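Each chain gets a letter, A, B and so on, in the order the sequences are listed, and its residues count up from 1. For clarity, every value in this text was computed on a predicted model and none was experimentally measured.
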2 protein chains.
Amino acid sequence: MILSRVLETLEPLVPLSVGNKSVKGQPFWTIPKTPCYSIVMANPMISRLFHFLSRFIDLTEEEARALAELDLIREYKKGEYLLRAGETTSTSYFVLQGLVRSYSLIDGEERITQFYQEYDPIAPPCTITGEPSDQYLDCLETSILVVSTEEQAEENLEKYPSFERLCRVLSDKWMAEERTSFNKYKTLTPEQRYLDLVEHRPGLLQRVPQYQLASFLGIKPESLSRIRKRISQRKTPGRSAM
Amino acid sequence: MILSRVLETLEPLVPLSVGNKSVKGQPFWTIPKTPCYSIVMANPMISRLFHFLSRFIDLTEEEARALAELDLIREYKKGEYLLRAGETTSTSYFVLQGLVRSYSLIDGEERITQFYQEYDPIAPPCTITGEPSDQYLDCLETSILVVSTEEQAEENLEKYPSFERLCRVLSDKWMAEERTSFNKYKTLTPEQRYLDLVEHRPGLLQRVPQYQLASFLGIKPESLSRIRKRISQRKTPGRSAM
DNA sequence: GATCTTTCTTAACTTAAGTCAATGCATCCT
DNA sequence: AGGATGCATTGACTTAAGTTAAGAAAGATC
């Protein structure tokens, strides 16, 4: 398995602007170079999908065409729900552009469990377990997603065996990431988690209001405010007392 | 995908005794009934592996033989390390019997991130990312594990395409479980997490000292002690005063 | 059975997040 | 401009976990 090498070469997409509100009408992310599957290049979002997949597998022209013709890409408006607690779905998503969040309702309060941004998979546990979801899924920004049901996937996995491999490799990668961030969450304090967020997902700070970041970090907005104050005071220790 | 049905029918193994110290020399878990692959039945541990796998896939006699002949099952002594922080490995495990824990060292203190028991997979993120592990892996009990390197897996996935499907299905199942427990950890208080543990993994309370449970729950032993006191006082509110 | 060791509990005190409430500061609306 | 709304900050107070230290209880050893 050469996934480690693969991951090293996967450069993140470069944002065109800070915050998606500031430059309206423009795509938020640059369109990446991608290997040339003929049918595919017309649509920049399909192109983006193949750019991502090319890091993990070499699809034949036929497979690429088949995948493109499945026509899996959909746009969801800001505020639109993909899933509500209590429902069950067999649908998974993959974010090509935009921002989706998952949260659960605890005593009437939204507790955000994840933000899904460009190149993130959204695989609700209920697609596997069949149990009613305890999570809500909604779009914080108008988002362009790859949409795939289990049934559809199943069908095409049989037709194109190399998809099976692709799915397994991606599952493994995402599993490792999930484990790693779980471990981080467990071992870091709220302050360290915030600093980790600043370091590793700085884009989120621009795209998400602070009270939602707080919820994601597992604390109250007031606490995040105090943490930020603490940090800024520590960084500027001088120029006090006269 | 019929994994939801599959999961419903997967009954947990029944422990023979409470705590592995009490009944020495006896197997801790009953040996399950399993479909009859001829080569396999000799060894109860291989039998157990196939019992588990049969819930997810029907292997041909040839595939079953191939899998058995890979000779992947090993015993590790109590206290033995499978992985240390700083190292990288391509080896994953699957617990047939025993108890393994992962932890990281924070300021010289062991912070337990997971207990792996019967039927749990152990897939260190470094097998995928290639980065040095931040986690230690060691056996809390003498354990019997399926041992599999990426290279070996890779080789056999090519030879036996249905293994590819098996791996993907298992990855998906484990991914869903990982997500679910992450969400739980985020949304529950330490006290609720303890109660959840009592309800869903009661065996652990017998097999693991309290200070390690506390670490796993993300709190100090003293706090767990207080939490338990709080709970027991709540359950026995009467018979006080005079 | 007495001793040593490990684990668990308790208590007093500290720390940081939660809670509640008030204020400041944008932006949006008409 | 004025008012409403939503979000971030601040302060006073509460709560629960962390810290430190001392014993009690349970197990292991000889």
Side-chain angles (χ1 to χ4, degrees), chain A residues 18-22 24 78-79 99 101 103 106-112 115 138 140-141 185-198 204-236, chain B residues 17-24 78-79 99 101 103 106-112 115 138 140-141 185-198 204-236:
Chain A
V18 178
N20 65 335
K21 293 167 193 165
S22 38
K24 283 175 187 166
K78 179 175 176 173
L99 189 60
R101 110 246 236 212
Y103 67 92
I106 310 282
D107 301 326
E109 185 201 11
E110 290 177 1
R111 304 281 281 271
I112 296 177
F115 295 110
D138 66 347
L140 296 180
E141 301 171 5
Y185 191 91
K186 275 189 166 178
T187 49
L188 300 182
T189 64
E191 177 172 330
Q192 292 169 323
R193 289 203 289 271
Y194 172 71
L195 290 170
D196 186 72
L197 199 68
V198 170
L204 271 189
L205 306 217
Q206 312 300 326
R207 298 170 85 174
V208 171
Q210 236 179 81
Y211 73 94
Q212 292 194 11
L213 287 179
S215 175
F216 174 62
L217 292 171
I219 57 178
K220 302 287 157 188
E222 296 92 331
S223 295
L224 180 53
S225 199
R226 277 190 291 247
I227 285 173
R228 283 161 47 86
K229 192 181 180 183
R230 225 154 55 203
I231 292 170
S232 68
Q233 284 175 344
R234 218 177 301 148
K235 272 205 301 217
T236 324
Chain B
S17 65
V18 178
N20 64 335
K21 294 164 193 169
S22 37
V23 185
K24 282 175 187 168
K78 179 174 177 175
L99 189 60
R101 111 248 236 212
Y103 68 91
I106 308 282
D107 302 327
E109 184 200 13
E110 289 177 2
R111 305 282 280 273
I112 297 176
F115 295 110
D138 65 349
L140 295 181
E141 300 172 4
Y185 191 92
K186 275 189 166 177
T187 50
L188 300 183
T189 64
E191 178 172 331
Q192 291 170 323
R193 288 203 290 272
Y194 172 72
L195 290 170
D196 186 73
L197 199 68
V198 171
L204 271 189
L205 306 218
Q206 313 300 327
R207 298 170 85 175
V208 171
Q210 236 179 80
Y211 72 93
Q212 291 193 13
L213 287 179
S215 175
F216 174 62
L217 293 171
I219 57 178
K220 301 287 157 188
E222 296 90 335
S223 295
L224 179 54
S225 198
R226 276 190 295 244
I227 286 172
R228 282 161 49 85
K229 191 179 181 185
R230 226 154 54 203
I231 292 169
S232 69
Q233 285 177 344
R234 217 177 302 148
K235 271 204 302 217
T236 324

Tell me every residue that passes side-chain contact (heavy atoms from CB on, under 4.5 Å) with [X], counting only those two or more places apart in sequence or in another chain.
| X | result |
| --- | --- |
| B:Leu188 | B:Lys184, B:Gln192, B:Arg193, B:Asp196 |
| B:Ile106 | A:Thr187, B:Ser104, B:Arg111 |
| A:Leu195 | A:Glu191, A:Ile231 |

Figure out the [atom1]/[atom2] separation between [X] and [N], and round it to whole Å.
| X | N | atom1 | atom2 | value |
| --- | --- | --- | --- | --- |
| A:Ile231 | D:dA8 | CD1 | C1' | 16 Å |
| B:Ile106 | D:dG18 | CD1 | C1' | 16 Å |
| B:Arg111 | D:dG18 | CZ | C1' | 11 Å |
| A:Gln192 | D:dG18 | CD | P | 14 Å |
| B:Ile219 | C:dA16 | CD1 | P | 19 Å |
| B:Leu188 | D:dA17 | CG | C1' | 17 Å |
| A:Glu109 | C:dT19 | CD | C1' | 12 Å |
| A:Leu205 | D:dC7 | CG | C1' | 16 Å |

Could you tell me if the side chain of [Y] sits less than 4.5 Å from the side chain of [X], heavy atoms only?
| X | Y | answer |
| --- | --- | --- |
| A:Leu217 | A:Ile227 | no |
| A:Phe115 | A:Leu140 | yes |
| A:Phe216 | A:Leu197 | yes |

Quick one: list whatever passes ring-ring contact (aromatic ring centres under 6.0 Å, His included) with B:Tyr194, sequence neighbours left out. none

Contact list (N/O, under 3.5 angstrom) for nucleotides 7-11 of chain C vs protein:
residue	atom	partner	partner atom	Å
C:dT7	OP1	B:Tyr211	OH	3.3
C:dC8	OP1	B:Gln210	N	2.6
C:dC8	OP2	B:Gln210	N	3.2
C:dC8	OP2	B:Tyr211	N	3.0
C:dT9	OP2	B:Gln210	OE1	2.6
C:dT9	OP2	B:Ser225	OG	3.0
C:dT9	O5'	B:Ser225	OG	3.1

Under the side chain to side chain donor-acceptor pair (under 3.5 Å) rule, what pairs show up with a residue in residues 211-225 of chain A, not counting sequence neighbours? A:Glu109-A:Lys220

Bend angle of the helix from C:dG1-D:dC30 to C:dT30-D:dA1 from five-pair axes at both ends, rounded to 10°? 40°

With sequence neighbours excluded, tell me which residues meet side-chain hydrogen bond (donor to acceptor under 3.5 Å, both in side chains) with B:Tyr103. B:Tyr81

